Amino acid sequence: MNISEAISARHSVRRYTDQPIDEAVVGQLVRAIDEANATSGLSIQLVRNEPDAFSNVLKCYGRFHNVSNYLAFVSAAGDDQDELVGYYGEGIVLLAQQLGLNSCWVGGTFDRRRTVCRMNPDERLALVVALGYGEDQGSPHRSHTNSKHVETRVLDVPAWFDHGMEAVMLAPTAQGQQRFLFRLEADGDTVHASSTGGSFPKVDLGIAERHFELAARHRVSGSAVERLIHSS
């Protein structure tokens, strides 16, 4: 499965089997997590065989089943941190899809107090991603039309921009809100992206930016990732 196929195939899955994650798959995920942490400064952690975060009946009943593996996204405080979580986290989520796993971004319907993760005093748990072998492959979410999320300042929109936006419309967002805007500037080359609100606006923005860049093979200007690169 190539990355374009992974973007199309990945859907939110909330019900999982008892099958443990293959050790070879774990190894590849850990390597990707270590690389993402080294680049981003985040503390992304793979938690296995630990069901407590999803065992709270009040928070999880009817929403998730048999979740015992997840990614915990720990970060310091800062304006760019959630956007980085979305960007680097979606890279790992898509790799997981390529490796035969299913996943679901989870912002509120899990028990933060029972989540197993390492945190320094100045850090916080942003959210988690459920991982495992799903009972099914999930269903596509309902996407809005591109016109709600695109602003172009050129008459001839390049094909790479259209490819990027097709992938953006497949990006998972909180409650399927897809609240972001991608703008192609008058030079026909510069792309800016911004959030227009939502429950986890900057996480959603980071996820959408990752999809765009993977499909368009073109950087989003002014993003948290670009600021991170320039500050290094």
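Atoms considered below: every heavy atom in the structure, side chains included; atoms not considered: hydrogens, waters and symmetry mates. Note that the structure is a prediction, hence the values are computed from the model and not measured.
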Quiz item: Strictly under 6.0 Å, is that where the ring centroids of F110 and Y70 end up?
Solution: no
Quiz item: Are W105 and F73 near enough that their ring centres are under 6.0 Å apart?
Solution: yes
Whether the [X] and [Y] side chains hold a donor-acceptor pair (N or O, under 3.5 Å, no angle test) is what I'd like checked.
X: R179; Y: S195; value: no
X: Q177; Y: D204; value: no
X: Q45; Y: S43; value: yes

Just how far is it from atom [atom1] of [X] to atom [atom2] of [Y], taken to the nearest 0.5 Å?
X: S12; Y: Q137; atom1: OG; atom2: CD; result: 12.5 Å
X: I21; Y: L99; atom1: CD1; atom2: CG; result: 10.0 Å
X: S199; Y: Q175; atom1: OG; atom2: CD; result: 4.0 Å
X: R14; Y: R63; atom1: CZ; atom2: CZ; result: 10.0 Å
X: E151; Y: F182; atom1: CD; atom2: CZ; result: 13.0 Å
X: M1; Y: I7; atom1: CE; atom2: CD1; result: 11.5 Å

Determine whether more than 12 heavy atoms belonging to other residues, nucleotides or ligands lie under 6.0 Å from atom [atom1] of [X].
X: E185; atom1: CD; answer: yes
X: D156; atom1: CG; answer: no
X: N120; atom1: CG; answer: yes

Practice problem: Measure up the H218 and W160 rings against each other and bin them: parallel (under 30°), tilted (30 to 60°), perpendicular (over 60°). | Solution: parallel
Compare all side-chain heavy atoms of [X] with those of [Y] and state whether any distance is below 4.5 angstrom.
X: V225; Y: D80; result: no
X: V25; Y: L101; result: yes
X: L131; Y: Y16; result: no
X: L181; Y: V150; result: no
X: V203; Y: L127; result: yes
X: C104; Y: V129; result: no
X: S75; Y: E123; result: no
X: D52; Y: V116; result: no

Should [X] and [Y] be regarded as members of a common hydrophobic cluster, given that ILVMFWY residues are connected when their side-chain heavy atoms come within less than 4.5 Å of each other, either directly or indirectly?
X: L29; Y: I3; value: no
X: Y133; Y: V67; value: no
X: V47; Y: V93; value: no
X: M169; Y: V220; value: yes
X: V74; Y: L71; value: no

Is [X] salt-bridged to [Y], cutoff N-O under 4.0 Å?
X: R219; Y: E213; result: yes
X: E135; Y: R15; result: yes
X: R48; Y: E50; result: no

Where [X] and [Y] come nearest, the two heavy atoms and their spacing:
X: S40; Y: L228; value: CA-CD2, 3.7 Å
X: F180; Y: T196; value: N-OG1, 3.4 Å
X: D82; Y: A126; value: OD1-CB, 4.1 Å
X: H211; Y: A167; value: ND1-O, 2.9 Å
X: A32; Y: L95; value: CB-CD2, 3.4 Å
X: T17; Y: G134; value: CG2-O, 3.9 Å

Practice problem: Give the C-alpha distance, both sets of side-chain angles, the deciding distance and a yes or no for side chain to side chain contact (heavy atoms under 4.5 Å, CB included) between F54 and N66. | Solution: CA-CA 8 Å; F54 288 86; N66 213 23; over 6 Å; no
Quiz prompt | Residue pair V191, S221: steps toward the side chain to side chain contact (heavy atoms under 4.5 Å, CB included) verdict | solution = CA-CA 6 Å; V191 177; S221 298; 5.9 Å; no
Quiz item: When you measure from the side chain of R210 to the backbone N and O of Y87, does any donor-acceptor pair fall under 3.5 Å?
Solution: yes
Exercise. Take R124 and Q81, measure what side chain to side chain contact (heavy atoms under 4.5 Å, CB included) needs, and give me the verdict at the end.
Key: CA-CA 10 Å; R124 95 296 191 216; Q81 294 300 301; 4.2 Å; yes
Exercise. Please test I207 against T173 for side chain to side chain contact (heavy atoms under 4.5 Å, CB included), starting from the C-alpha separation and ending with a verdict.
Key: CA-CA 8 Å; I207 295 172; T173 57; over 6 Å; no
Exercise. State which residue, out of E90, Q97, R10, fulfils the side-chain hydrogen bond (donor to acceptor under 3.5 Å, both in side chains) condition with S103.
Key: R10
